[in-house]
Amino acid sequence: MDSTTSTSKKRRIMIITADESVIEQIQNNTNASFIKSIVLDGNGDNVEVSQSNIRTIQAEAQSLPAKKQKTGTLTCVVCSSPANGYNFDAITCESCKAFFRRNALKDSVELECRRGNNCDITIDSRRRCGACRLAKCLKSGMNRDRLLTAEQKAVKLRKIEENRNLTTLTHSEPRKDNQDEDVKPIITAVHSDAPSPKSTNLLLVKDVADLLPNEPPSEKQGLLSLKDLQRVETIQLSYEQRIELAAREGLPWNPTVHATTLLDHINSHSVTALRLLSFFKQIPEFNDLNVHDRVTLIKYNLMPLTILNCTLSYDVKTETIQEAKSDVPWDSSILLTVHGDQIYQRVKKIFESFSRIAKYDQRIIQLALITLILTKGFSANSNVSEPILNDGLAVYRAQSYYTELLWKYLETVHGYGKAIHIFNELVAHFMSWQALQNYLARNLPKMLTPAEMNDLLPIMKSLINIQ
DNA sequence: AGGACACCGTTTGTACTGAT
DNA sequence: TATCAGTACAAACGGTGTCC
Ligand SMILES: [Zn+2]
Ligand SMILES: [Zn+2]
């Protein structure tokens with residue numbers, strides 16, 4: 001583009017470009033009040049873009065300082081009002097930025113055009129139709145992915161809060177019993193601009209509210225960094241991808257087939273196990289371990305993790321577990337018939353406890369799964385001697401990393417108090433599960449006839465550890 | 001019937017904050 | 001320092017009820 005010289009009173013701007021957004025940028029490149037009058041002028045009859053491609057603009061007599069020019073050079077690609085820079089990957093004005101932040105995740109039901117989905121969006125008409133404005137935002141290159149997720153917002157908030165605490169602590173001597181109640185604003189603040197109660201985007205509101213700290217952690221350090229959060233997100237994705245990955249490598253059992261006998265049930269479990277394995281294989285620290293150690297960890301730790309793993313696919317309503325859409329859902333009745341009511345109730349209690357955590361935040365369970373698969377001697381079965389790890393240090397390092405990640409995630413996202421509570425719950429119930437699981441593992445082979453033992457899938461044979 | 005107007009929840013625009 | 005997410009808050013909007 002070219003902008004030619006200007007006399008003291010007039011400036012002529014010529015735009016030569018195929019990029020409409022550039023044209024729009026240049027269109028309104030002087031001080032806002034003046035631009036407004038120009039736009040109003042042409043807008044009475046719905047300006048067509050071509051008409052304003054080349055436009056003569058009179059600059060105000062007063063000389064504009066350089067800084068003014070700098071902030072006024074850009075034009076919103078959505079509505080053509082003055083812009084400052086990129087917002088969500090497009091050059092937009094502040095109001096389109098705010099609009100996009102508030103509406104980008106709404107669907108066509110919440111934002112519906114009352115005309116023909118082709119409303120013109122200008123600085124004056126932009127607020128007349130949210131649907132078309134959002135459509136134009138997206139068409140103009142604004143990117144939903146640039147919105148921070150609830151978790152990311154919580155992380156950011158925590159960081160700010162942490163900094164505040166730190167600076168106030170270092171600046172003023174800590175007073176003992178301070179009755180001042182100026183901690184609140186942070187908490188109320190988040191809600192004020194959140195979607196209103198009427199909006200259906202309640203999930204987000206709830207998320208953010210839940211994520212807020214209840215009490216400031218006395219800890220000064222060790223909160224989740226953005227990288228950490230991305231890692232957690234990747235882990236969640238890996239977990240979701242396990243189904244497809246496992247399917248690609250081939251399953252020894254058809255998960256769409258209903259299992260009737262105990263043998264069938266056990267064999268059908270190979271699908272769950274292989275999927276879980278596919279999840280772990282996506283974890284770099286796990287995958288980098290040497291083969292022997294990997295096999296050892298899987299062989300001794302995978303099956304006990306089933307109870308945790310299943311909570312992620314548990315449907316509270318139907319009380320069934322279903323990992324993939326096409327899978328046959330199954331329930332706990334087999335446990336009751338095989339192990340009896342007493343055992344069943346104990347397992348159920350533990351399961352429900354984990355299930356509550358899973359329902360609260362699946363990522364906690366996913367991180368716990370990784371932490372626990374990396375836990376040496378986890379099966380704690382005195383009868384079976386577990387092989388020694390080749391590179392125990394690497395396993396230990398990986399395990400510490402994920403333990404810490406889990407803790408940081410818990411503390412940052414759910415707050416210190418909740419983190420303690422959840423962590424306690426996880427550990428306590430897992431310890432009782434260990435004991436119970438040992439008992440079950442020892443009993444299971446007794447329930448099968450020798451012939452059935454023979455029909456066990458090889459993978460299940462090795463996972464159940466018979467011999 | 002209908003215009004003027006207060007009321008009130010929602011939406012929008014803008015100033016400002018803070019991390020990177 | 002510049003940039004770009006976010007929050008805070010006030011103005012604008014739009015639907016509703018009330019009075020005349
Ligand atoms: Zn705009
Ligand atoms: Zn429209």
> Taking atom P of C/dA5 as reference, at what distance in whole Å does atom CZ of A/Phe100 sit?
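So the CZ-P distance, A/Phe100 to C/dA5, works out to 10 Å.
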
> Rounded to whole Å, please give me the gap between CD in A/Glu94 and P in B/dA15.
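The answer, rounded to whole Å, is 9 Å.
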
> Can you check the A/Leu111 CG to B/dT10 P distance for me, whole Å?
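To the nearest whole Å, that distance equals 15 Å.
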
> Does the side chain of A/Arg133 come within less than 4.5 Å of A/Ser95's, by heavy atoms?
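Counting from C-beta outward, A/Ser95 and A/Arg133 do come under 4.5 Å.
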
> Please figure out whether A/Lys97 or A/Gly130 has its closest DNA chain B nucleotide nearer the 5' end.
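That would be A/Gly130.
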
> At under 4.0 Å between heavy atoms, what does A/Arg128 touch on the DNA or RNA strands: base, sugar-phosphate, or nothing?
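No contact at all - A/Arg128 keeps every heavy atom at 4.0 Å or more from the nucleic acid.
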
> Quick one: does any side-chain atom of A/Asn143 pair with a main-chain N or O of A/Asp145 as donor and acceptor, under 3.5 Å?
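Yes; judged by distance alone, with no hydrogens or angles, the pair exists.
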
> Report the residue (A/Leu147 or A/Arg114) whose heavy-atom-nearest nucleotide on DNA chain C is the more 5′ of the two.
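By nearest-heavy-atom nucleotide position, the 5'-most residue is A/Leu147.
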
> Please confirm whether the backbone N or O of A/Leu224 pairs with a side-chain atom of A/Thr412, one donor and one acceptor, at under 3.5 Å?
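Indeed, once roles are kept as given, a pair shorter than 3.5 Å links the two residues.
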
> Within the structure, does a side-chain N or O atom of A/Arg101 lie under 4.0 Å from either OP1 or OP2 of C/dG6?
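For C/dG6, OP1 or OP2 has a side-chain N or O of A/Arg101 closer than 4.0 Å.
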
> Indicate yes or no: at least one non-hydrogen side-chain atom of A/Leu74 is less than 4.5 angstrom from one of A/Tyr86.
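No. Closest side-chain heavy atoms not under 4.5 Å.
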
> Between the protein and nucleotides 18-20 of chain B, which nitrogen or oxygen pairs are less than 3.5 angstrom apart?
unit_1: B/dG18; atom_1: OP1; unit_2: A/Arg164; atom_2: NH1; d: 2.9
unit_1: B/dA19; atom_1: OP1; unit_2: A/Asn163; atom_2: ND2; d: 2.8
unit_1: B/dT20; atom_1: OP1; unit_2: A/Lys159; atom_2: NZ; d: 3.2

> A/Phe354 and ring-ring contact (aromatic ring centres under 6.0 Å, His included): which single residue from A/Trp433, A/Phe430, A/Tyr360 fits?
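Only one of A/Trp433, A/Phe430, A/Tyr360 forms a ring-ring contact (aromatic ring centres under 6.0 Å, His included) with A/Phe354, namely A/Phe430.
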
> Whole-Å distance between C/dA5 P and A/Arg144 CZ?
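Rounded to whole Å, this separation is 16 Å.
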
> Please check the phosphate of B/dG13 (OP1 and OP2 only) for any side-chain N or O of A/Arg126 closer than 4.0 Å.
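It does, given that an N or O in the side chain of A/Arg126 lies less than 4.0 Å from OP1 or OP2 of B/dG13.
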
> Is there a side-chain contact between A/Tyr314 and A/Thr320, using heavy atoms and a 4.5 Å cut-off?
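SC-SC contact between A/Tyr314 and A/Thr320 ruled out.
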
> Expressed as a whole number of angstroms, how long is the span from A/Lys106:NZ to B/dT12:C1'?
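A/Lys106 atom NZ is separated from B/dT12 atom C1' by 11 Å.
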
> Starting at CG of A/Asp124 and ending at P of B/dT12, how long is that distance when rounded to a whole Å?
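Going from A/Asp124 (CG) to B/dT12 (P), I get 15 Å.
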
> Would you say B/dG13 has OP1 or OP2 under 4.0 Å from some side-chain N or O of A/Arg127?
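Looking at the OP1 and OP2 atoms of B/dG13, one of them is under 4.0 Å from a side-chain N or O of A/Arg127.
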
> Using atom CZ of A/Phe99 as one end and atom C1' of B/dT11 as the other, report the distance to the nearest whole Å.
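Rounding to the nearest Å, CZ of A/Phe99 and C1' of B/dT11 are 10 Å apart.
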
> What is the distance, rounded to the nearest whole Å, between atom CD of A/Glu112 and atom P of B/dT11?
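About 15 Å, once rounded to whole Å.
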
> Counting only heavy atoms not in A/Glu244, do more than 12 sit closer than 6.0 Å to its CD atom?
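At most 12 heavy atoms, drawn from other residues, nucleotides or ligands, come within 6.0 Å of this atom.
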
